[in-house]
**Student:** 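Can you keep this structure in mind? I'll have questions shortly.
A, B, ... follow the sequence lines: proteins, then strands. Residue 1 opens every chain.
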2 protein chains.
Amino acid sequence: MRAPTIRDVAERAGVSKSLVSLVLRGSDQVRPEKREAVLRAARELGYRPNAAARSLSEQRTRTVGVLLNDLRNPWFVDLLDGLNSLLHTGGLHMLLADARLNRRAGQDPADPLLDLRVDGLVVVGTLPDPAALGAVAARMPVVLAGAREPVPPGVDQVAGDDEQGARLVTEHLIGLGHRRIAHLAGYGAVGELRRRSFEATMRAHGLAERAVVETGDMTEEGGYRATVRLLSRPDRPTAVFAVNDITCVGALSAAEELGLRVPHDVSVVGYDNTSVSRLRHLWLTTVDNAGHEVGRRAARFLLDRFERPGGEGRLHLAAPTLEIRGTTAPPA
Amino acid sequence: MRAPTIRDVAERAGVSKSLVSLVLRGSDQVRPEKREAVLRAARELGYRPNAAARSLSEQRTRTVGVLLNDLRNPWFVDLLDGLNSLLHTGGLHMLLADARLNRRAGQDPADPLLDLRVDGLVVVGTLPDPAALGAVAARMPVVLAGAREPVPPGVDQVAGDDEQGARLVTEHLIGLGHRRIAHLAGYGAVGELRRRSFEATMRAHGLAERAVVETGDMTEEGGYRATVRLLSRPDRPTAVFAVNDITCVGALSAAEELGLRVPHDVSVVGYDNTSVSRLRHLWLTTVDNAGHEVGRRAARFLLDRFERPGGEGRLHLAAPTLEIRGTTAPPA
DNA sequence: GACAGGTTCTGGAACGGTCCAAAGAGGGGC
DNA sequence: GCCCCTCTTTGGACCGTTCCAGAACCTGTC
């Protein structure tokens, strides 16, 4: 019971395999009755083209690899969604690989993707080995999505605009009347950008010396500890802007434990609009990173490069939006 | 700058392509110095075998498709982790497809995987079209992981033991001294199993008529509303066992809003041990579904079937464990 | 009826591997 | 020196497509 091949279809339809190939690829140089016969035969046999054979012959796989660094990171999903929607209309498949899973198994996480000869690569989140990426980029289009890092030449980059996001948050808090505002900073390029923008915005409003920055490790625990320190100060801030939602949840716990009511006594804001922030129990004010738009744009860049290879690496920053929920209010 | 082929390696090493193939597939029928020469040539050229060509020739892809129904469902990740670890040692790759993403784009979500001629299929979570699955199962090994549904013949099934999990929770609560216990039920096969087991355990402890069941929709909102109803009753339960963590978070909000302290006034328990349950702010007592073990077992089943095709579909239930955290205590 | 020019169709050579039958090399026994 | 046997190595068929050059078939013109 082998799967039917293009030859089986040809035989059944009484034509050559070349004609079948022509029909299936939508050529208009075929007489309608032959086309019908071929399509009917294909349908009756349940024919599915063999992707391996096609890839071998066409020298491309119509598949792009997506390298995630951790499937647990929930905001990737929106990005994948956007990515997929556009790739699909381009007739391309997505092949997911989790770098964390593969790294544990040894080897470069991109290896399986490269062995399968993907036509392009989307690296989501922090990139693995920058040197290795450069070598890959020389062979195929590569887009870095959802991260801000120095990239090898010729690599496109798409991410949320962290500076704008941090500005939105800070101005929201200032607009509510807060003056003494703290930032729970993170690390990495993203953490840096958010912190800088927070500081710049405070400065722009003449609040430079009311700004406080505590550095955490982007975990709930870190957010908790940093907030305990912050809120125990004599001149405690009336608002806390956390580098991400999870840190913000830590801040929330800390405030609660110190007997402060959110948002009455202290406002807190997260970043990323994760599902956690949408729990009505927490209902965090946060920033939506426009993951879907980031994904779409990454796909766009990739499709562009398939058509016109080469050229400089481009950078696109998607505009984030502020999600005002229940953890921010004017100071008491 | 084409990628080097096996012929390039052969030429550089001064041997035939057959010998290169032999060496690369680890044959021991090769003189050591030739082996060395081949490996050196391959290394120098940066040769990577072309997966498409190999698949075509071998008539197998060394790839198994994993069909998820929603990447957002966090407990899949542990399962994938377990799956991947075992598949990897078998020299197999994992190809992820999100049914939700693909369904939106039209067509059967498994189509892309079938076109790529995966050697086997793991369906994670609720299965798509059961009829279609039967047709697939006739052609390749199929395992359903993490769901309890009637499956076509010859399909293996692996899942957490929901009956045991629900029993663990119920006995934990009874052991703490609770008597009037409510269950926030869900739907589907899993919801059914958990509810039935809750009822059976209550009955086994002579508490049949102290058991209350409210049916929700497995969302936070549903959990919230059902809990408000429950806790407003004159004979309100002292413990609530929710069908999943997210429902449990809704229950937590409801209790808090009604001025009841958890776990002092009311204990609540979730199910799934999701990352949400581990937030120290919530710190839910819950059930760990042994996702990693489920994944490993699914891989085991698949590998078995590659070696010995055919035979009855098997069922394996992984033993869940109770994660006792901060939301359960003896009744006041 | 031959011919030109267009439209349809076909055979066969890729693509890059695997695998098998058979050739070649080397060694031992007579 | 020849034969036989084992261990290595090789050529070539094959996997299922695409694609190109050219064959076959029309249709209309002179």
Side-chain angles (χ1 to χ4, degrees), chain A residues 1-39 41-42 45-63 91 93 112 114-119 139, chain B residues 1-39 41-42 45-63 91 93 112 114-119 139:
Chain A
M1 268 288 284
R2 320 183 333 292
T5 75
I6 200 171
R7 264 173 253 267
D8 300 323
V9 176
E11 193 174 334
R12 181 170 193 117
V15 299
S16 73
K17 67 180 176 35
S18 304
L19 187 64
V20 175
S21 176
L22 237 34
V23 169
L24 294 179
R25 278 173 303 119
S27 162
D28 52 354
Q29 303 280 76
V30 175
R31 281 224 311 281
E33 59 265 39
K34 295 261 183 181
R35 176 195 313 284
E36 268 319 304
V38 167
L39 291 177
L45 291 174
Y47 169 75
R48 321 184 68 104
N50 181 317
R54 176 178 298 191
S55 302
L56 184 57
S57 177
E58 278 192 316
Q59 296 288 75
R60 66 201 192 105
T61 53
R62 298 168 181 276
T63 296
H93 292 301
L114 300 183
D115 284 344
L116 291 165
R117 295 287 203 275
V118 293
D119 294 336
R139 291 208 158 276
Chain B
M1 268 288 285
R2 315 183 337 293
T5 75
I6 199 172
R7 265 170 251 267
D8 299 324
V9 177
E11 192 174 336
R12 180 167 192 121
V15 299
S16 73
K17 66 181 177 36
S18 304
L19 188 64
V20 175
S21 175
L22 237 36
V23 169
L24 294 180
R25 277 172 305 119
S27 162
D28 53 353
Q29 302 280 75
V30 174
R31 281 226 310 282
E33 59 264 39
K34 294 262 183 178
R35 177 194 313 283
E36 268 319 305
V38 167
L39 292 177
L45 291 173
Y47 169 74
R48 323 185 67 106
N50 181 319
R54 178 179 300 192
S55 304
L56 185 57
S57 175
E58 279 192 315
Q59 297 287 72
R60 65 197 194 111
T61 52
R62 297 168 183 275
T63 297
H93 292 302
L114 299 183
D115 283 344
L116 291 166
R117 295 285 202 279
V118 293
D119 294 338
R139 291 207 158 278

**Student:** In terms of the nearest nucleotide of DNA chain C, which residue is placed more toward the 5' end: A/K34 or B/T5?
**Tutor:** A/K34
**Student:** What is the per-nucleotide protein-contact pattern of nucleotides 21-28 of chain C, from the 5' end, where B denotes a base atom under 4.0 Å from a protein heavy atom, S denotes such proximity for sugar-phosphate atoms only, and - denotes neither?
**Tutor:** --------
**Student:** Which atom names give the shortest non-hydrogen contact between A/A13 and A/A41, and what distance separates them?
**Tutor:** CB-CB, 3.9 Å
**Student:** Can you tell if the side chain of B/K34 reaches within under 4.5 Å of the side chain of B/L19, non-hydrogen atoms only?
**Tutor:** yes
**Student:** What's the CD1-P distance between A/I6 and C/dG12, to the nearest Å?
**Tutor:** 17 Å
**Student:** Would you say B/R62 and B/R54 make side-chain contact, with heavy atoms under 4.5 Å?
**Tutor:** yes
**Student:** Are the side chains of B/V9 and B/T5 in touch, meaning some heavy atoms are under 4.5 Å apart?
**Tutor:** no
**Student:** Nearest heavy atom decides the nucleotide; on that basis, is B/V30 or B/E58 closer to the 5' end of DNA chain D?
**Tutor:** B/V30
**Student:** Does A/T63 use its side chain to pair, donor to acceptor, with the backbone of A/T61 at less than 3.5 Å?
**Tutor:** yes
**Student:** Give, ordered by number, those residues of residues 7-23 of chain A having at least one heavy-atom distance below 4.0 Å to an atom of DNA chain D; if nothing qualifies, reply none.
**Tutor:** A/R7, A/K17, A/S18, A/S21
**Student:** Extract, from 5' to 3' on DNA chain D, the first and final nucleotides lying under 4.0 angstrom from some heavy atom of chain A.
**Tutor:** D/dG16 to D/dC19
**Student:** Counting C-beta onward and ignoring hydrogens, is there a side-chain heavy-atom pair between B/L114 and A/R48 closer than 4.5 Å?
**Tutor:** yes
**Student:** Any side-chain heavy atom of B/P49 sitting closer than 4.5 Å to one from B/I6?
**Tutor:** no
**Student:** In Å and rounded to the nearest 0.5 Å, what is the CZ to OG distance from A/R7 to A/S16?
**Tutor:** 10.5 Å
**Student:** Taking atom CG of B/D119 and atom CD of B/Q59, what is their separation to the nearest 0.5 Å?
**Tutor:** 10.5 Å
**Student:** Can a donor-acceptor pair be found, under 3.5 Å and without considering hydrogens, that links the side chain of B/R35 to the backbone of B/G26?
**Tutor:** no
**Student:** Can any side-chain N or O of A/S21 pair as donor or acceptor with the backbone N or O of A/K17 at less than 3.5 Å?
**Tutor:** no
**Student:** Quick one: closest heavy-atom pair of A/R117 and B/A3, and the distance?
**Tutor:** NH2-CB, 4.0 Å
**Student:** How long is the straight-line distance from CG of A/N50 back to CG of A/L56, given to the nearest 0.5 Å?
**Tutor:** 9.5 Å
**Student:** May I ask you to list the residues of residues 45-55 of chain A, by number, that have any heavy atom positioned under 4.0 Å from an atom of DNA chain D?
**Tutor:** A/Y47, A/R48, A/P49, A/N50, A/A53, A/R54
**Student:** If you fit an axis to the five pairs at each end of the helix from C/dG1-D/dC30 to C/dC30-D/dG1, how big is the angle between those two axes, to 10 degrees?
**Tutor:** 70°
**Student:** Quick one: are A/V15 and A/V20 in side-chain contact, heavy atoms under 4.5 Å?
**Tutor:** yes
**Student:** Kindly write out the residues that satisfy side-chain contact (heavy atoms from CB on, under 4.5 Å) with B/S57, not counting sequence neighbours, or none if the list is empty.
**Tutor:** none
